[in-house]
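These numbers come from a predicted model, not from an experiment. Every number for a ligand or one of its atoms is a count from 1 in the order of the listing.
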Amino acid sequence: MAVRELKPGVYAVGSIDWHRRLFDELIPLPHGTSYNSYLIKGSEKTVLVDTVDPAREVELLTNLQKAEVKKIDYIIANHAEQDHSGTIPKILELHPDALIVTNQKCREMLKDLLCINDEKFLTVTDRSTISLGDRTLEFILAPWVHWPETMFTYSREDKILFSGDFLGSHFASSSLFANNEAKVYEGAKRYYAEIMMPFRKIINRHLEIIKGLDVDMIAPTHGPVYEDPEAILNMCRDWVSDNVKNKAVIIYVSMHGSTEKMVNHLIDALIERGIAVKPFNLTGTDLGELAISLIDPATIVIASPTVLVGAHPEAAYAVSLVNALRPKLKFAAIIGSYGWAGKMVEQITGMLSSLKLEMLEPLLVKGHPKETDFQAIDRLADEILTKHKNAGLC
Ligand code: FEO
């Protein structure tokens, strides 16, 4: 692991986790990740901004040795989650006079999560500052990216915003800076979709606050550092906006092919009507890909056979995820095949309670779809097109 300089006196000292493939035992990491920790050597005080996952503690300690750090005065905790806070106890052990600088909410969480004593903290409030001698660090409370205690740290003289998870990307790279832009931005989009999409209204407010800062570098806790903040900020503005697009996501599972035939017919019907379609067969879906695809479509179609009395469990699992992520969808339809009876429509509709959706007429087919069923699917495609047109999307 290497120590890399962002600006004079500011160093990346964290860890690249090339081979991690799952986060929170839920989120796929196809490109690994990094836990970014930053060292600022002020003229009077030395600061560590966030730490690393405890499994990568040795790398952080090795980097601090390489950077010839004798004393750490402050450990800034922008976020309490353990992939950034988990090595704080070890740093405190090695630098017993260091203070953890964070907000009140994060302080309480760190006490709970890491069993740190109360006297080890220096509590900051929104827009309060600390001096490092030649530098001033300003703290900006930014809750819900993606926990309630999150904050940003802004180095005024360096014009660096240490943004915690915000604008981060699960992307392991040897480049300190985001020069492989397409991949980094895709990683950042995936990260936003997976954990921050439910908080997009709040994130919009944070973006407005950042607009008022003179920032020429954004240093998140995952993935490369942005030297061109405006590009990633503009992308994020689009993700969090209320705008939806002329797109439909279809999530489906099929046991004996009947539901799949309905889905395939619907895909063609939507394409023929000029609507972009993204289908996901849930038996082999990367949930991160699904999350990305939920950022801006106007419509979701949920297609499932009936199992016992309800939706196929794969469909129910995906719907629970959609409901939790709270994408800005406008319309939803439920289609599928059944054998004798069931309550799939009521079940799935009930599971989408967090979304403000207009539910279109469901379409359930007994057994294999017949010609009249395919005609009904065409009418559903017509209805989706009409809804999109009326919403000004096409
Ligand atoms: Fe990267 Fe929310 O921790």
Please work out which of the three classes, parallel, tilted or perpendicular, describes the rings of F152 and F166, given edges at 30° and 60°. parallel
If you count the non-hydrogen atoms of other residues, nucleotides and ligands that lie under 6.0 Å from NZ in K343, is the total more than 12? no
Can you name the side-chain contact (heavy atoms from CB on, under 4.5 Å) partners of P297, sequence neighbours left out? K247, V249, L329
Do you know which of N36, D165, D17 makes side-chain hydrogen bond (donor to acceptor under 3.5 Å, both in side chains) with H222? D165
Assess whether atom NZ of K183 is packed by more than 12 heavy atoms of other residues, nucleotides or ligands within 6.0 Å. no
Around atom 1 (Fe) of ligand 1, number of protein N/O/S atoms which are nearer than 2.8 Å: 4
Using a strict 4.0 Å threshold on nitrogen-to-oxygen distance, state whether K330 and E358 make a salt bridge. no
